[in-house]
Each structure stands twice: as structure tokens, then as C-alpha cells.
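Structure record follows, encoded as C-alpha cells.
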Amino acid sequence: MNALQTFEHYIDGVFSYPTERFESVDPSTEAAWALMPQADAADVDRAVTAAHRAMHEGPWARMTATERGRLLYKLGDLVAENAAEIAKLETRDTGKIIRETKAQIGYVAAYYRYFAGLADKHQGAVVPIDKPDLDVTLRPEPIGVVAAIVPWNSQLFLSAVKLAPALAAGCAVVLKASEDGPAPLLAFAKLVHQAGFPPGVVNILTGFGPECGKALTTHPLVSRIAFTGGPATARHIVRNSAENLAFTTLELGGKSPVVVFNDADLESAANAVVAGIFAASGQSCTAGSRLLVERKVAQPFLKLLADKARAIRIGNPQRMETEMGPLATARQVAHMERTVAASIVQGAECITGGSRPRGLSQGYYVSPTILFSHDTDLPCFREEFFGPVLSATVFDTEEEAVAKANDTVFGLASGVFTTNLARAHRMTAKIHAGIVWVNTYRAVSPMVPFGGYGMSGLGREAGMDSIRDYTRTKSVWINTSDAPIPDPFVMR
Ligand code: NAD
């Protein structure tokens, strides 16, 4: 127990241990390595109360937008300087490979800098009102205390798209890290402190969903919920928000299609499919988990893919040469194994993978897996694995490709591979998804909105407009006439 590293909460500008703590497991060894603070409803209440106070009293409430931007720039610089250190913690706590955590956290700095720049550029308006003797202005004001909830994959990134626009807008935030792999966010709290945000503006804690998450999303002082996670939890969040009527955005899962036409550059398309489903061991909301390949090229393309999948270097996620680490939890492995087995029983062919890799007896490792079936009603085409499992099928016409791509309750991302420009335009118009990548996959930027259709969520994160979701508009009407108010019984 003594050998375990310990992490603290960050509430009202103070780091502390709560009475309850829980062990965090290193997914590459299955051994506990750290003790995490377990927030209960009282901790959540302290954090929300501190955030509410910070928003309405003290330096944050009086700061100009330019000053808020300066603090965000500083935070961006600190994230860039400390990316390597935090990446090591994220890799330790979630099993995500160090190559990716280093690069991703380095890029997270760009999100803070982007919203730092936007802080004093988000303006109100003067309305060209259709009535005489009235001046009407619209003032954007911070919406209130934000409850930000993230899952365990890419926590620095998923919190930046909430925290950065919220702080730019002048809100205060209580950020709940996932109970799985919270170390990188709890370490990030030190950078928030170092950047100099006044106490209570940013509070970072972790705990379990039904206790800590529920207390946060039902809290009466919370005005805005920004949630990323699974659709089942999202239903709880929406029900919870009935308590405080907080404006809620939801970033959920996906079952994203990648459509490969026979005129595509097959080598490049195969690399993009690998990036889409095997990078981050498939634990990505935008994972390109359904492959639709034109029948004429299906055989050579699937062979190319299977060869690439078998060549992936699986192992210790802290090594730079590793390409696939373990999954984050035993629960993820069990879900993946169950769904693969059910799909095979119902007729799917396993082209490669489907089992644990040889020589890795400890750790939540699974092999990159490719399943094939003509029947797309199988569980592997319907359920999100959140793991390295690609479900492939064929199509003959463009219409069939569109129908199969859209045959899902989700609609987060999609990929189209073709050298036919006209077809690329037709496909981007017809695919029901928040993101369409053409001849590329898995690209993101602070400048580009991110979010899904259908069961993939509500609202968009990143991009210029996302700051609007952290403000509310006050309409100010000023009478410029000295004349008495006319007929009080008629609406003006
Ligand atoms: P999850 O829904 O189980 O948990 C997400 C967060 O919600 C955690 O912090 C958890 O503690 C909290 N939570 C759980 N129950 C709660 C409750 N009753 N009230 C309030 N909070 C509660 O998700 P997960 O398994 O950790 O993550 C995987 C899911 O996240 C996948 O579906 C994945 O696609 C999705 N995801 C989506 C995006 C996106 O941007 N669209 C990005 C990453 C992951």
C-alpha cells in the first residue's frame, strides 16, 4: 500500500486527500500503482460552491476577457512544457501508447492557445431594432458553473475542449476525471494552479459515476453540463439535468464507417483504416470500426489490411516503438471478447486476431482483429467495441455504400476513399455523420467543430462557435425618448 503513488483533489485552489481513496491499476501489468482521491457528494458540493463563488465574487468576476486570455495562454505554455511528464502518467494509468500520449498532450496546448485568443474576440451586438426610440444591445455573459465530465481515453484533450472555451467565456468549472485512469488530469491540476487562476475557477476531482458524477450533474448551482462518454451514461446525465435544467452537450460513441471505392489509393486507404481502428487500440470515439469495401477490390484490400494488422507491434505502452498497448480495463477486454464471440457464432469470419496476443500473459492486451461478413445485422456491425476490432463487408454500388454507411444509430465520424472528386462530393453530402474525412482519417484541430448525429450526441465542441455554448445572451432595451410611456395596456 505504501509503495503506491498518491494523487490529490484540487478544490477551491487547494490540493487535498479526501477520506476515501481507491486504487488505480496499470493496464499493462494489472497491478495497482496509485491511490486516487474518491470524491463524494460533500466534496462535489464544496467544489461547485467554490466555483459559484469564484464566478460571482473575487478577481475572476472582475477580470477582463483579455486577462482571462492571458491566463489561458500561460496554461497552454505549461501544458506544452509538461506534456512529456503528463504523457508518462497517462500511459501508466490508461495503457495508451507513449507515442500517442506525448503527441496528443503536446497538441492540447494548441486548444488552450486558440481559446486564449478568442477570449476577447467574442462580441455582443447592437440590434437594428424595428421600433423608434429604443437602443437594444445583446450582451454575452458567462453561462454559469460548468460541470465537465470526461471518460478515460484522451482526458487532457477531452477536457481542453470544455475547459478552454468555458474559461475564455468567464465561467468557472468543476471537472470530473474518469475513475479509470484519472492520473493525467489530477496532475494537470498542478499546471492550472501554477498558471495562476484564482481559487475556485477550476476544480478537478474524480470519483465514481453514480455518486460523484450524479452529485455534480444534479447540483442546483450547475448551469451547464459538458459530457463525454457512452450513450447509456448520457441518458443518466440527461435525466440528472432535469434537476437543475443545465444546458447540456453530449459527445458520445460511434460505429463509424470507412468506405473504400475501387479507384482509391489502396495502400494509403489501408494505412488510414489501420489508423482509424488500431491506433489507441481502437479506444477512440471516432474509431473507423466498420469497413465497407467495393467488391472488386475487397480481396486484395482485406489481405493488405490483415498483413498490416499482423505486423503491428504490441507490448509495453511506455516504449516508443510500441504501436498497440493494452486496453484500459479488464471490463473492456471482456466486452470485446463477448461481442467478437457472439458475432462469430452468428456467422462472422475471423480474418485475423480474435484472441489475446501470444507472449503477453499479463496486462489487458488483445490482438488487432478483423471480422468479415455479408450480414451486417451481426453485433460486430451494431455495437461499439471501443477496442481494436474492424468489421468488414462489401458493396457493389455507390447507393449501396451510402445505405450501408448510414445503417447505424450512431453518426460521429466517417471516411471516404476515392480519387473521383465528384463522387467524394456526393458521398460527403449523403453520409449522416458529424465528420466526413475524405482520403484521410483521424485528424482534429481546435478550429474545427467536433460532434455527432443521432446517438453520437448533441452539440459541437471546438471551433469558434463553441464559446457561445458557454455564454447566455442578455438583451438590454434602453428607452432613448424623454416622452412619457404611451398606452401601458398595449405591448410596445
Ligand atoms: P462512461 O459513459 O462509462 O463514463 C464517462 C464518465 O461519466 C466517467 O467520468 C464516469 O464516471 C461518468 N459517469 C458514469 N455514470 C454517471 C452518472 N450516473 N452520472 C454522472 N456521471 C457518470 O464512458 P467510458 O466507458 O469511460 O468511455 C467510453 C465511451 O466514451 C465510449 O462510448 C466512447 O465512444 C465515448 N467517447 C466519446 C467521445 C466523443 O468526443 N464523442 C470521446 C471519447 C470517448
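Every number for a ligand or one of its atoms is a count from 1 in the order of the listing. Note that these values count all heavy atoms, side chains included, but never hydrogens, waters or copies made by symmetry.
In this structure a side-chain-to-backbone donor-acceptor pair under 3.5 Å is present from H335 to E384. A donor-acceptor pair under 3.5 Å is formed between the side chain of R290 and the backbone N or O of K404.
Aromatic pair F15/H193: ring centres closer than 6.0 Å.
H56 and H52 have tilted rings, their planes meeting at an angle from 30° to 60° on a 0 to 90° scale.
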One pair per line, please: each N/O atom of ligand 1 matched with every protein N/O atom under 3.5 Å away, atom names first, then the distance to 0.1 Å.
from     : atom 1 : to   : atom 2 : distance (Å)
ligand 1 : 2 (O)  : G230 : N      : 2.8
ligand 1 : 2 (O)  : T233 : OG1    : 2.6
ligand 1 : 9 (O)  : V150 : O      : 2.9
ligand 1 : 9 (O)  : K176 : NZ     : 3.1
ligand 1 : 11 (O) : K176 : NZ     : 2.9
ligand 1 : 11 (O) : E179 : OE1    : 2.6
ligand 1 : 11 (O) : E179 : OE2    : 3.4
ligand 1 : 26 (O) : W152 : NE1    : 3.2
ligand 1 : 30 (O) : G229 : O      : 3.4
ligand 1 : 32 (O) : E384 : OE1    : 2.7
ligand 1 : 34 (O) : E384 : OE2    : 2.6
ligand 1 : 41 (N) : L252 : N      : 3.3
ligand 1 : 41 (N) : L252 : O      : 2.7

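No option in T49, N244, N240, D45 other than D45 meets the side chain to side chain donor-acceptor pair (under 3.5 Å) test with H219.
Side-chain contact annotation: T369 with S367, donor-acceptor N/O pair under 3.5 Å absent.
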